[in-house]
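Since the structure is predicted, the reported quantities are computational estimates derived from the model, not experimental observations. Below, read A as the first sequence line, B as the second, and so on, with proteins coming before strands; counting in each chain starts at 1.
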Amino acid sequence: MRAPSSELPIAIEGVSLRNRDVTIIDDISLVVTSGPPTIVIGPNGSGKSTLIRLGMGLVAPTSGRVSWGGRANGGERCAMVFQRPVMLRRTAAANVAFALRPGERNHRARVAALLKQVGLADLADRPARLMSGGEQQRLALARALARDPEVLFLDEPTASLDPASTKAVEDIVQTIAAAGVKIVMATHDLGQARRLAGDVVLLMRGRVVERTAANAFFAQPATPEAAAFLRGDLII
Amino acid sequence: MRAPSSELPIAIEGVSLRNRDVTIIDDISLVVTSGPPTIVIGPNGSGKSTLIRLGMGLVAPTSGRVSWGGRANGGERCAMVFQRPVMLRRTAAANVAFALRPGERNHRARVAALLKQVGLADLADRPARLMSGGEQQRLALARALARDPEVLFLDEPTASLDPASTKAVEDIVQTIAAAGVKIVMATHDLGQARRLAGDVVLLMRGRVVERTAANAFFAQPATPEAAAFLRGDLII
Amino acid sequence: QDQSIVVASTTSTQDSGLFGHILPLFKQKTGIDVKVISQGTGQALDTGRRGDADVVFVHAKAQEEKFVAEGFGVARHPVMYNDFILVGPKSNPAGIKGSRDIAAALKTIRDKQVPFVSRGDKSGTHSAELNLWKLANIDIARDKGTWYREIGQGMGAALNTASSMNGYVLSDRGTWISFKNPGDLEIAVEGDKRLFNQYGIILVNPARHPHVKKELGQKFIDWVLSPEGQKAIADYKINGQQLFFPNASAQGA
Amino acid sequence: MPDSASALSLVLGGDPTLYAIVRLSLIISLSAALLAAILGFPLGAYLALARFPGRAFLTVLVSAFMGLPPVVVGLAVYLMLSRSGPLGFLNLLFTPPAMIAAQTLLVLPIVVALTRQTVEDLWIEYRDELTAMRVGPLRRVVTLLWDARFSLVTAFLAGFGRAAAEVGTVMIVGGNIEGFTRTMTTAIALETSKGDLPLAMGLGLVLIVIVVVVNALAWSARRVGEVRAG
Amino acid sequence: MPDSASALSLVLGGDPTLYAIVRLSLIISLSAALLAAILGFPLGAYLALARFPGRAFLTVLVSAFMGLPPVVVGLAVYLMLSRSGPLGFLNLLFTPPAMIAAQTLLVLPIVVALTRQTVEDLWIEYRDELTAMRVGPLRRVVTLLWDARFSLVTAFLAGFGRAAAEVGTVMIVGGNIEGFTRTMTTAIALETSKGDLPLAMGLGLVLIVIVVVVNALAWSARRVGEVRAG
Ligand SMILES: Nc1ncnc2c1ncn2[C@@H]1O[C@H](COP(=O)(O)OP(=O)(O)OP(=O)(O)O)[C@@H](O)[C@H]1O
Ligand SMILES: Nc1ncnc2c1ncn2[C@@H]1O[C@H](COP(=O)(O)OP(=O)(O)OP(=O)(O)O)[C@@H](O)[C@H]1O
Ligand SMILES: [Mg+2]
Ligand SMILES: [Mg+2]
């Protein structure tokens, strides 16, 4: 059963986030609408994870506002894979089952299907906290998919994955994006960004430096910072 | 002051590691000697992290034995960057200072130099646990370097780094390797493996599938599994 | 030099407030601090036996004489007496109000199985109670039922318990007069001379425990037994009622 | 309670009076600790998770109430249950249920405060994930309690220890009535006031052995659970 | 202690006797809790970290000793310090130092057991890093205690609460001597046995207020520390 109200557009309006003297997010305005994946790139510490957490409603901005489909309290149908996912102290299968909507039918079949989708079918009964880094990251993806989200935030979801798994996850992303799920994804893999992006957001020092359609961005970055970043120059 | 006895060679002899019915490492024999970096590659869950933990002496094998320079209790001069580094509840600088040998001279200067080396000079006073994923990973590297190790184990140390930082870390690795530090590094980035490797260990399902000099490995993998892995085919 | 002695005494003397009245007078005269430990009678004698007190001040004549006979005390001196009273509910469930015959009253209580609270702690008061049952020709060990509650606590707790159970309890008059939670209780039986309660004072034997402060302790005993000390005891009153009756000079007390 | 000083023979001899007292002590302190756990685990977890005005104050209060004097708790319950008190009609004074109730009150803040701390430490780790999964308040409490269950054994045992050891509330509310509300601790206090210190110490050792056995059982259960959970 | 029933006026009126008793109570329970923390934090951390034969047994024992009956601890210390006991020559019986020592013994297992649990939970997170850094046993203990310091406030407060509230050990070892070893809890017990329940309750409330104040101070200190640590 779908909730009647959509989470989109997610509107981030004049948002800043400060912790004492550190400005983490510096007056960002950004609207996320339905469509192909939005890819967030930028150097370490530029604020990608923080921006995603703001978009999920996990932190409240120090100033500015965030809204989901026009509502100040939304994000019910958003899901997320964290950069460092935390596994509950249970088996892989139980972690996925935990994320399913309560009362969902075919509980066990769905858990099995989700584990299979991320290539963990054989590890269903393994305590999640004992799993390898890459296994945990994939389990976190299965958990997020279990929530059947309208918007899916992915924070470097393939950072610990082997090449084949990375490819598999990219396929999943493309499939669900085609099925209408809005993807917002941070990554350091520029090849991956190129392969998946509908549009690109480049963050630096907590600010949006550039936001353009993917083709335009990779063909001809508008700012010198973007060009330098794409070249892989040290810019921090 | 250097300890008189060397940690090398690290000899892993007929080592298996099992947890109840799961075989994590399956009868591996491997000798790590001084020389250019040894790169460990393999799919998620193949046992890379576990192998490194065995080499650090963090886990005892279920069968077989591990020795450092011939001693069963060694590894004093080994250091490590974990796949998911844990930050102490202190500032970045204090985390590095913690890892310095007690009684080290020029304490503060060394901390500053190490932070600068990993590009965190500006964040010295930030509580380490609030730092971004990539920042934490670089801080963990600084902490490992602070121990001035003879052998340095790196478990996917650039997984969360932006392209420029990845390049910087690769440079550090090459510099210290040239200075005589033995590097053992797990990575999923095959380009990186190519750039850094002296020799390559390919793990699958807890076994060593191939161990060869880097040139040979990338030019002509000896096994079909290695070839498939290099192509990025799903093989789990 | 440390001008203080330790006196092991019973809860009844402490709870009645007697020490609060006489000790300042003694201190004023001699400069000696008296540290009172109030314990059950058995425990107080045990404290003396171990040499942890200099003076023992209790009310259980037989046990006191045994204490001296075994060489733990120098000599036992009678100090004062008060009397026991039988306290019970105003509603007079046993119909014994105003009686002066404690044995008959106890018999009635036993026959009607009216709640009765016993200290049950081997204290002086408890020993006196057991004696009274014997005088009434009752084998309480055999006859006790749910009506007979042995609570193993001090006098105050026994009164508190009787007050909330609406039962009878044997109390010393001093504690009763100073007791602040009488509830529906009042005196049911008093004035029987079998309800006599004698206090004695003993110096712990320095031959047994050389560290005992025998001079200071003896000074305290001498003062308590002196006309001045005896007057101080007689002067202690609550609501105009005298609690203790000095009788240091009485023979055989 | 026999009045002999032969504590050892009494303790070892399986005296039926002693057995009854041990039984009552165990029933009362285990019941109180269990009740306090049933109430205190969710309350402690709620206090760790919820954000409401006055939460800091409540946290301090609960932590302070770990220092509730048993005698005061006993008196408060006593005044409630006494004939002239508001609950006097229940006729519960000087009965085991009253003792259980009073001890539950005494132990509850301990369980709540320790649970709060344990759950809060885990919550720091779980907060983002559970919030991102939009897990509701009730389910958060359940999830955190379940995942912290092995650490919470210590909170339970702290509560049980307090209940088993304390004498103030059971003495006042129970009255130390022989054969009815006399527990190990009140018996020990009684023997002490009789001056029979060897017997008191002997009973004390019996009590300690009992508490050790309960703790060993709880730890074994925890161990089994941990092994099964992997 | 004035014997009037006007508990309120006594409590509010800043009675000097009351003040002295409050002061002694605070000194004794704070000293005991501090001593127990100084000894118990490292012991608890050691117990969490070290692996040695009998560790499981010791863990159970410490956890069980949270249930040491105060009267038994009091008696044990009493028998040690008694003139006829091995430490009688110290002449400490019925003095505040003896009360502090006895309470420290009582509270120590609580602090050790709770510290053990807290440090063990943190150790699970830190184990690999600290082992990889070849941090020696002593430094591990220091590091874990330091990094768990905010959570350990609860362990300290649990110990303080027990010390402030208990009456058994201070009564037996201190003797409840007026103006010398009378504490809040022994005064409450005395007033209860005198039947002056309102005064006993009033003193109880004073004690609770004091404990709340100490807790509020500890929590504020913790809060300040947390903010400074970021
Ligand atoms: N609570 C906080 N207090 C102070 N500084 C913070 C806090 N949270 C984050 N920061 C800082 O804000 C910056 C942005 O952090 P964020 O995690 O969003 O970066 P990121 O773009 O995701 O980096 P990475 O690529 O390394 O994951 C970092 O420099 C980090 O140290
Ligand atoms: N204690 C354990 N009990 C059971 N299984 C374990 C345990 N530790 C690791 N494993 C399993 O052993 C396998 C190897 O784990 P390891 O972390 O070494 O993999 P890895 O090669 O580092 O993977 P990744 O690339 O994802 O980091 C994984 O499948 C993991 O689930
Ligand atoms: Mg990030
Ligand atoms: Mg790994």
Side-chain angles (χ1 to χ4, degrees), chain D residues 29 56-57 59-61 63-76 78-79 109-110 113-114 116-118 120-122 151 153-155 157-158 160-168 172 184-185 188-189 192 197 200-201 203-205 207-208 211-216 218-219 223, chain E residues 29 56-57 59-61 63-76 78-79 109-110 113-114 116-118 120-122 151 153-155 157-158 160-168 172 184-185 188-189 192 197 200-201 203-205 207-208 211-216 218-219 223:
Chain D
S29 49
F57 178 72
T59 306
V60 171
L61 216 61
S63 146
F65 281 7
M66 290 194 286
L68 277 185
V71 177
V72 174
V73 173
L75 274 182
Y78 176 92
L79 292 175
I110 298 177
L114 298 182
R116 199 214 90 258
Q117 187 61 53
T118 301
E120 196 162 285
D121 290 346
L122 186 62
S151 301
V153 169
T154 301
L157 288 176
F160 169 70
R162 176 61 165 269
E166 77 86 30
V167 61
I172 292 178
M184 289 300 287
T185 55
I188 293 169
T192 303
L197 305 194
M201 283 301 281
L203 291 173
L205 289 182
L207 176 54
I208 290 174
V211 173
V212 168
V213 167
V214 170
N215 272 266
W219 276 89
R223 196 74 212 99
Chain E
S29 49
F57 178 72
T59 306
V60 171
L61 217 61
S63 147
F65 280 7
M66 291 196 286
L68 278 183
V71 176
V72 174
V73 173
L75 276 181
Y78 175 88
L79 293 174
I110 298 177
L114 298 182
R116 199 214 92 258
Q117 186 61 52
T118 301
E120 196 162 284
D121 290 346
L122 186 62
S151 300
V153 168
T154 300
L157 289 176
F160 169 71
R162 175 63 164 269
E166 77 85 30
V167 60
I172 292 178
M184 289 299 288
T185 54
I188 292 169
T192 304
L197 305 193
M201 282 302 281
L203 291 172
L205 289 182
L207 176 54
I208 290 173
V211 173
V212 168
V213 168
V214 169
N215 272 265
W219 276 88
R223 196 73 212 100

Are the side chains of D:Arg162 and D:Pro70 in contact, using a 4.5 Å heavy-atom criterion? yes

Heaviest contributor of heavy-atom pairs below 4.5 Å to chain D, chosen from E:Leu205, E:Val72, E:Ile172, is E:Val72

At a 4.5 Å cut-off on heavy atoms, which part of D:Thr192 comes close to chain E: side chain, backbone, both, or neither? side chain

Using non-hydrogen atoms and a 4.5 Å limit, figure out which bit of D:Tyr78 sits close to chain E: side chain, backbone, both or neither. side chain

Pair count under 4.5 Å, heavy atoms only, with chain D: among E:Gly161, E:Ala155, E:Ala165, E:Gly204, highest is E:Ala165

Which pair of heavy atoms, one from D:Met201 and one from E:Leu75, lies closest together, and at what distance? SD-CB, 3.6 Å

By the definition side chain to side chain contact (heavy atoms under 4.5 Å, CB included), identify the one residue from E:Leu207, E:Ile208, E:Val214 that meets it with E:Val211. E:Leu207

Let's test your reading of the structure: which of D:Ala163, D:Ala158, D:Ser63 forms the most heavy-atom pairs below 4.5 Å with chain E? D:Ser63

Measuring heavy-atom distances to chain D, does E:Ala218 have an atom under 4.5 Å in its side chain, in its backbone, in both, or in neither? neither

Atom group of D:Arg223 that falls short of 4.5 Å from chain E, counting heavy atoms: neither

Nearest-0.5 Å distance that lies between atom CG in D:Leu157 and atom CG in D:Asn215: 4.5 Å

Given the options D:Leu68, D:Thr154, D:Thr118, D:Val71, which has more heavy-atom pairs under 4.5 Å with chain E than any of the others? D:Thr154

For chain E, the option from D:Met66, D:Gln117, D:Arg116, D:Glu120 that forms the most heavy-atom pairs under 4.5 Å: D:Gln117

Given that the side chain runs from C-beta out, which part of D:Ala56 has a heavy atom under 4.5 Å from chain E: side chain, backbone, both or neither? neither

D:Phe65, part contacting chain E, at a heavy-atom distance under 4.5 Å: side chain

For D:Leu122, which atoms come within 4.5 Å of any heavy atom of chain E: side chain, backbone, both, or neither? neither

Selection from E:Leu114, E:Val167, E:Leu61, E:Thr185 maximising heavy-atom pairs under 4.5 Å formed with chain D: E:Leu114

Part of D:Leu79 within contact of chain E (heavy atom distance under 4.5 Å): side chain

